[in-house]
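In what follows, chains carry the letters A, B, and so on, assigned in the order in which the sequence lines appear, proteins first and then strands, with residues in each chain numbered from 1.
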Number of protein chains: 2
Amino acid sequence: MTKFNLENAEAQMRKGILEYCILLTISRGEIYASDILKELKEDNLIVVEGTIYPLLSRLKTDGLLEYRWQESTEGPPRKYYKLTEEGKNSLNHLKKAWESLDKSIKSLTKKTS
Amino acid sequence: MTKFNLENAEAQMRKGILEYCILLTISRGEIYASDILKELKEDNLIVVEGTIYPLLSRLKTDGLLEYRWQESTEGPPRKYYKLTEEGKNSLNHLKKAWESLDKSIKSLTKKTS
DNA sequence: ACCCAGTACCTTGCACTACAAGGTACTATA
DNA sequence: TATAGTACCTTGTAGTGCAAGGTACTGGGT
């Protein structure tokens with residue numbers, strides 16, 4: 001017997017939005033994975049390492065991101081990511097998609113209340 | 001070589017939100033699957049049959065929804081769904097989750113611009 | 001010299017979701 | 001008795017996030 005899992009449902013809600021959030025964060029300037037995680041946590045977005053590394057790799061392979069290595073005095077070298085032109089374009093599209101979705105939900109909520 | 005697929009990315013964005021949208025729609029009163037689809041399309045939310053039927057079944061199994069059969073003069077009988085008390089509770093939680101997410105994105109966007 | 005904590009990268013296997021494609025069955029109309 | 005329209009449902013696949021684990025660099029303590 002399955003039981004409705006609210007935490008899971010909320011996690012599902014965050015899915016898919018993540019890509020948009022990461023592109024948004026990188027658009028502010030060069031940044032590396034661990035710091036992206038910290039930034040997102042500050043805005044109450046829960047993400048973990050196992051999620052972000054494969055995602056960054058995929059976005060790099062897809063041509064939305066590029067990176068350079070930089071030495072660190074506090075540990076291993078870091079990969080600093082930034083958006084490519086294509087990445088900036090895609091971010092703009094995702095922004096429109098988000099706004100459209102936001103509008104749809106607001107419309108639905110309005111009808112309901 | 002994979003290529004970034006914007007439509008897919010936008011579809012991913014809608015994932016997880018769907019459950020919330022369906023509960024919202026049903027909370028307005030008894031309704032059956034095909035009409036839920038029409039309502040969501042009116043608000044620019046793309047959903048298809050193969051998505052909604054398993055989802056409704058799951059929400060019923062989880063105790064968030066209940067339904068009754070009703071004959072139709074225009075075709076086969078329909079399943080009219082409505083929220084249970086637990087369903088109303090979960091909807092409230094999902095609403096809060098959505099608002100939190102919305103807030104996070106707005107905060108991120110603000111920093112960026 | 002050695003170990004350990006902290007940082008930063010990455011991979012593998014699993015669970016979950018949406019979708020495409022197909023199927024069943026009822027009604028009304030020609 | 002076909003055909004179109006409605007409404008239900010299932011199966012297989014692709015894509016995503018996560019938990020858990022692994023590698024490797026730095027610096028501080030003993």
Exercise for review: Applying side-chain contact (heavy atoms from CB on, under 4.5 Å), run through A:Lys111 and B:Asp43 and close with a yes or a no.
Suggested key: CA-CA 11 Å; A:Lys111 283 185 191 171; B:Asp43 280 311; 3.1 Å; yes
Exercise for review: Take B:Lys79 and B:Trp69 through the side-chain contact (heavy atoms from CB on, under 4.5 Å) test and state the conclusion after the steps.
Suggested key: CA-CA 5 Å; B:Lys79 269 186 176 177; B:Trp69 283 102; 3.4 Å; yes
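- The NZ-C1' distance, from A:Lys79 to D:dA24, rounds to 14 Å in whole Å.
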Exercise for review: Spell out protein contact along nucleotides 23-30 of chain C as letters: B when the base is contacted, S when just the sugar-phosphate is, - when no protein heavy atom is under 4.0 Å; keep the 5' to 3' order.
Suggested key: --BBSS--
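- Annotation: the span from B:Ile31 atom CD1 to B:Leu37 atom CG amounts to 9.5 Å, rounded to 0.5 Å.
- Nucleotide C:dC9 holds its C1' atom 11 Å from the OH atom of A:Tyr67, rounded to whole Å.
- Within residues 26-36 of chain A, no residue has any heavy atom closer than 4.0 Å to DNA chain D.
- In this structure, the CG atom of A:Leu45 is 11 Å from the P atom of D:dC18, given to the nearest Å.
- Between the C1' atom of C:dC16 and the CD1 atom of B:Ile17 lies a distance of 16 Å, rounded to the nearest Å.
- When atom types are taken as modelled, the side chain of B:Thr84 and the backbone of B:Leu64 share a donor-acceptor pair closer than 3.5 angstrom.
- Rounded to a whole Å, the CH2 atom of A:Trp69 is 13 Å from the P atom of D:dA24.
- Within 6.0 Å of atom NZ in A:Lys103, 12 or fewer heavy atoms from other residues, nucleotides or ligands are found, so the atom counts as exposed in its surroundings.
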Identify each atom pair where a protein N or O and an N or O of nucleotides 13-16 of chain D are less than 3.5 Å apart, giving names and distance.
unit_1 : atom_1 : unit_2  : atom_2 : d
D:dT16 : O2     : A:Lys15 : NZ     : 3.4

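- One atom, OH of A:Tyr81, and another, C1' of C:dA8, lie 11 Å apart when rounded to the nearest Å.
- Between A:Ala11 and B:Thr51, it is B:Thr51 whose nearest contact on DNA chain D lies nearer the 5' terminus.
- Between A:Ala33 and A:Ile52, the shortest heavy-atom contact is O-CD1, 4.2 Å.
- With distances taken from any side-chain atom of A:Val48 to the nucleotides D:dA7, D:dC18, C:dC9, the minimum falls on D:dC18.
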What side-chain donor-acceptor pairs closer than 3.5 Å can you find for residues 6-19 of chain A, not counting sequence neighbours?
unit_1  : atom_1 : unit_2  : atom_2 : d
A:Glu19 : OE1    : A:Arg58 : NH2    : 2.4

Practice item. Kindly indicate, with the supporting measurements, whether the criterion side-chain contact (heavy atoms from CB on, under 4.5 Å) is fulfilled by A:Leu108 and B:Leu45. Key: CA-CA 10 Å; A:Leu108 266 180; B:Leu45 289 163; 3.9 Å; yes
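- Rounded to the nearest 0.5 Å, atoms CD1 (A:Ile36) and OH (A:Tyr81) are 8.0 Å apart.
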Review point. When you look at B:Leu56 and B:Ile26, which way does the side-chain contact (heavy atoms from CB on, under 4.5 Å) test go after all the steps?
Key: CA-CA 11 Å; B:Leu56 289 172; B:Ile26 297 178; 4.0 Å; yes
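- Atom NZ in B:Lys60 sits roughly 11 Å away from atom P in D:dC9 (whole-Å rounding).
- Sequence neighbours left out, the pairs with a member in residues 23-47 of chain B that pass ring pair (Phe, Tyr, Trp, His ring centres under 6.0 Å) are B:Tyr32-B:Tyr80.
- A donor-acceptor pair under 3.5 Å is absent between the side-chain atoms of A:Ser100 and the main chain of A:Lys96, judged by distance alone.
- Whole-Å rounding puts the A:Glu7 CD to C:dC16 P distance at 14 Å.
- For the atom pair B:Trp98 CH2 and B:Leu101 CG, the distance stands at 6.0 Å (nearest 0.5 Å).
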Detail all sub-3.5 Å separations between protein N/O atoms and N/O atoms belonging to nucleotides 2-5 of chain C.
none

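- Taken to the nearest 0.5 Å, the CG atom of B:Leu23 stands 5.5 Å off from the CG atom of B:Leu59.
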